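Since we're looking at a predicted model, the values are computed, not measured.
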Amino acid sequence: MKIAFVGKGGSGKTTLSSLFIRHLAATGAPVIAVDADINQHLGPALGLDEAEAAALPALGERLPLIKEYLRGTNPRIASAAEMIKTTPPGEGSRLLRVREDNPVYDACARPVELDGDVVRLMVTGPFTDADLGVACYHSKTGAVELCLNHLVDGQGEYVVVDMTAGSDSFASGMFTRFDITFLVAEPTRKGVSVYRQYKEYARDFGVVLKVVGNKVQGQDDLDFLRAEVGDDLLVTFGHSDWVRALEKGRPPRFALLEDVNRRALHRLRTAADATHELRDGQRYTQQMVHFHLKNAQAWGNERTGADLAAQIDPSFVLGESAVAAV
C-alpha cells in the first residue's frame with residue numbers, strides 16, 4: 001500500500017508518519033519509508049542521529065542511475081536523458097517491488113533498525129550550496145515521483161511517504177500516487193486550512209483523504225475538528241510521553257507507546273488496508289499519463305528536445321500483474 005502523510009509545517013506529520021512506520025515494522029510488515037520533505041526530518045524521527053541522517057544517500061543526486069535502471073529496454077525511451085519525473089513505464093521498463101533487492105535500493109536506500117525490526121529508508125536529500133538561490137525543491141522530489149510511477153506493491157506491503165509541508169504537494173502529480181493520504185491537522189483554523197485546500201485540489205482525482213487530528217487536548221478540540229472536517233476525521237492523537245522522549249533523542253522501546261496511541265495507529269493501518277480493494281490500475285495509469293503530458297508540454301519537451309508524448313505506451317497498465325523487464 002502506498003501511503004502519504006501531509007499537513008502544514010509543525011503539524012506533526014513527520015512524527016506521526018514515523019510512529020506509523022514503527023507500528024508497521026513491529027508487525028513484521030515490509031516497509032519502505034520515504035522522506036519527500038526537503039526539510040529531511042524523517043531519519044531523526046526514526047532514531048538516526050545527526051551524522052547518520054546527514055550520511056543518507058540523496059535520491060536527487062542519483063537520478064541518472066535511477067533513470068537508467070528504470071528505462072530498462074523500453075523502446076519508447078531513447079535514453080535516460082529523455083526521462084523526466086513523470087515518465088511512465090511501458091513494455092520493457094523495469095519496475096520496483098517492495099521486497100526485492102535492486103540497484104536503485106542499493107544506491108539510494110539504507111536499512112534502519114527499529115527495536116529489532118528493519119525498514120528501508122530513502123530520502124530526497126536537502127538543498128546543497130549549489131542549489132541555494134537557483135534550484136526549486138521539486139527538482140529534488142522528482143526522483144520520488146519517478147520511483148512511485150514504477151513501483152508495484154501488494155497487499156501487506158507498505159510504502160510510507162512523508163510529503164512536503166502544506167499544499168505544495170500539488171506542484172506535481174505525486175499527490176495522486178497513493179492509495180490513501182493521511183492529512184495531519186491540529187485543532188486550529190490554520191490546522192484545517194490545509195485540509196480544505198487539499199480536499200479542493202484533490203477532488204477530481206479520486207484521492208482517498210483522511211484527517212488525523214494531532215495535539216488534541218480535550219473534548220473542545222475534538223468537537224472543533226469534527227465540525228470542520230466532518231466524516232473525514234479518522235482518528236486523533238493527544239499528548240504522548242513516548243513522543244516527548246523521542247523528541248529529546250531518547251526514545252524508549254516502541255512497545256511502551258501508550259495504548260491509546262497504539263490503537264490509533266492500528267486504525268490508520270486498517271484504513272490503509274481497506275483501500276486495497278479500491279485499487280484501479282487503469283485510473284492510476286491514466287493519471288500518470290495525464291501529468292506526464294502536462295509536464296511535457298509545459299517544460300519537458302523543450303528541455304529534452306524530444307516529444308515526450310511518444311514515451312506513453314497505450315497498452316501498458318501499472319498494477320500487481322505488471323511484468324518488469326529482465
Applying side chain to side chain donor-acceptor pair (under 3.5 Å), run through Glu100 and Asn102 and close with a yes or a no. CA-CA 6 Å; Glu100 70 179 0; Asn102 59 55; 2.8 Å; yes
Run the numbers on Val194 and Val6 for side chain to side chain contact (heavy atoms under 4.5 Å, CB included), then give the verdict. CA-CA 9 Å; Val194 173; Val6 301; 5.9 Å; no
Evaluate the criterion side chain to side chain contact (heavy atoms under 4.5 Å, CB included) for residue pair Leu209 and Tyr198; output intermediate values, then yes/no. CA-CA 9 Å; Leu209 179 67; Tyr198 218 102; 4.2 Å; yes
Report the C-alpha separation of Gln297 and Asn301 in whole Å, then their side-chain angles, then the decisive distance to 0.1 Å, and conclude whether the side chain to side chain donor-acceptor pair (under 3.5 Å) test is met. CA-CA 6 Å; Gln297 294 166 6; Asn301 290 344; over 6 Å; no
Taking it one step at a time, do Leu56 and Leu48 satisfy side chain to side chain contact (heavy atoms under 4.5 Å, CB included)? CA-CA 10 Å; Leu56 292 169; Leu48 299 186; 3.8 Å; yes
Verify side chain to side chain contact (heavy atoms under 4.5 Å, CB included) between His23 and Arg269, making sure each step is shown before the conclusion. CA-CA 9 Å; His23 171 74; Arg269 181 175 184 175; 4.2 Å; yes
Thr87 vs Gln311, test: side chain to side chain donor-acceptor pair (under 3.5 Å). Steps then yes/no. CA-CA 7 Å; Thr87 294; Gln311 294 179 345; 3.0 Å; yes
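Within 6.0 Å of NE2 on His290 lie more than 12 heavy atoms contributed by other residues, nucleotides or ligands. Around CZ of Arg283, the count of heavy atoms belonging to other residues, nucleotides or ligands within 6.0 Å exceeds 12. Atom CD of Gln217 is surrounded by 12 or fewer heavy atoms from other residues, nucleotides or ligands within 6.0 Å. With a 6.0 Å radius and a threshold of 12 heavy atoms from other residues, nucleotides or ligands, Gln219 has its CD atom above the threshold.
Across all non-hydrogen atoms, the minimal contact from Ala33 to Leu42 is CB-CD2, 4.2 Å. Taking all atoms of both residues into account, the shortest heavy-atom contact from Leu308 to Ala296 is CB-CB, 3.8 Å. Summarising the geometry of Ala272 relative to Ile3, their closest heavy-atom pair is CB-CD1, 3.8 Å, with the distance given to 0.1 Å. In this structure, Leu278 and Ala274 approach most closely via the heavy-atom pair CG-O, 4.3 Å. Of all heavy-atom pairs spanning Leu293 and Ala309, the tightest one is CD2-CB, 3.7 Å. A pairwise comparison of heavy atoms in Met288 and Leu318 identifies CE-CD2, 3.9 Å as the closest pair.
The shortest side-chain heavy-atom distance between Val159 and Val98 falls under the 4.5 Å cut-off. At least one side-chain heavy atom of Gln287 sits under 4.5 Å from a side-chain heavy atom of Phe205. Here the side chains of Phe175 and Phe291 are in contact, with some heavy-atom distance below 4.5 Å. With a 4.5 Å cut-off on side-chain heavy atoms, Asn149 and His292 do not count as touching. Counting only heavy atoms from C-beta outward, the side chains of Thr181 and Lys210 never approach each other to under 4.5 Å. The shortest side-chain heavy-atom distance between Ile32 and Val160 does not fall under the 4.5 Å cut-off. The closest side-chain heavy-atom distance from Thr27 to Tyr158 is not below 4.5 Å. Arg177 places a side-chain heavy atom less than 4.5 Å from the side chain of Tyr284.
Considering OG1 of Thr270 and CZ of Arg267, their distance stands at 8.5 Å, rounded to 0.5 Å. Taken from CG in Leu246 to CG in Leu19, the straight-line distance is 7.0 Å, to the nearest 0.5 Å. The line from CD1 of Ile66 to CD of Glu61 is 10.5 Å long, rounded to the nearest 0.5 Å. To the nearest 0.5 Å, atoms SG (Cys147) and CG (Leu95) are separated by 11.5 Å. Note that the OG atom of Ser18 and the CZ atom of Phe254 stand 8.5 Å from one another [nearest 0.5 Å]. Between the NZ atom in Lys85 and the NZ atom in Lys67 there is a gap of 11.5 Å [rounded to 0.5 Å].
Under the 4.0 Å criterion applied to side-chain N and carboxylate O atoms, Asp231 and Arg226 are not assigned as salt-bridge partners.
In this pair, Phe20 and Phe182 present their aromatic rings perpendicular. The plane angle is above 60°, beyond the 30 to 60° band.
When atom types are taken as modelled, the side chain of His266 and the backbone of Arg262 share no donor-acceptor pair closer than 3.5 angstrom. Formation of a donor-acceptor pair under 3.5 Å by the Glu52 side chain with backbone atoms of Asp49 is found in this model. Side-chain atoms of Arg71 do not come within 3.5 Å of backbone N or O of Ser93 as any donor-acceptor pair. A donor-acceptor pair is defined here as one N or O able to donate and one able to accept, closer than 3.5 Å; no such pair exists between the side chain of Asp37 and the backbone of Gln40. In this structure a side-chain-to-backbone donor-acceptor pair under 3.5 Å is present from Trp242 to Arg253. With hydrogens and angles ignored, the 3.5 Å screen pairs no side-chain donor or acceptor of Arg120 with any backbone N or O of Pro111. Under a 3.5 Å cut-off, the side chain of Asn295 and the backbone N or O of Gly300 do not form any donor-acceptor pair.
No single ILVMFWY cluster, assembled from side-chain heavy atoms under 4.5 Å apart, contains both Val118 and Leu46. A continuous path of hydrophobic side-chain contacts links Phe224 to Tyr195 [ILVMFWY only; heavy atoms under 4.5 Å]. Taking hydrophobic clusters as Ile, Leu, Val, Met, Phe, Trp and Tyr residues chained together by side-chain heavy-atom distances below 4.5 Å, Ile77 does not share a cluster with Ile312. Both Val208 and Val212 are part of a single hydrophobic cluster, where members link through side-chain heavy atoms under 4.5 Å apart. Val119 and Leu268 fall within a single hydrophobic cluster, where Ile, Leu, Val, Met, Phe, Trp and Tyr side chains are chained together by heavy-atom contacts under 4.5 Å.
Contacts of Asp35 classified as side-chain hydrogen bond (donor to acceptor under 3.5 Å, both in side chains), with partners at least two apart in sequence or in another chain: none.
Using modelled atom types, one finds a donor on one side chain and an acceptor on the other under 3.5 Å when comparing Ser240 with Glu258.
Note on residues 151-161: pairs passing salt bridge (Lys or Arg N to Asp or Glu O under 4.0 Å), not counting sequence neighbours, are Lys2-Asp153, Arg99-Glu157, Asp153-Arg279.
In this structure, Arg110 is not positioned above the aromatic face of Tyr105 in the sense of NZ or CZ being under 6.0 Å from the six-membered ring centre and within 45° of the axis.
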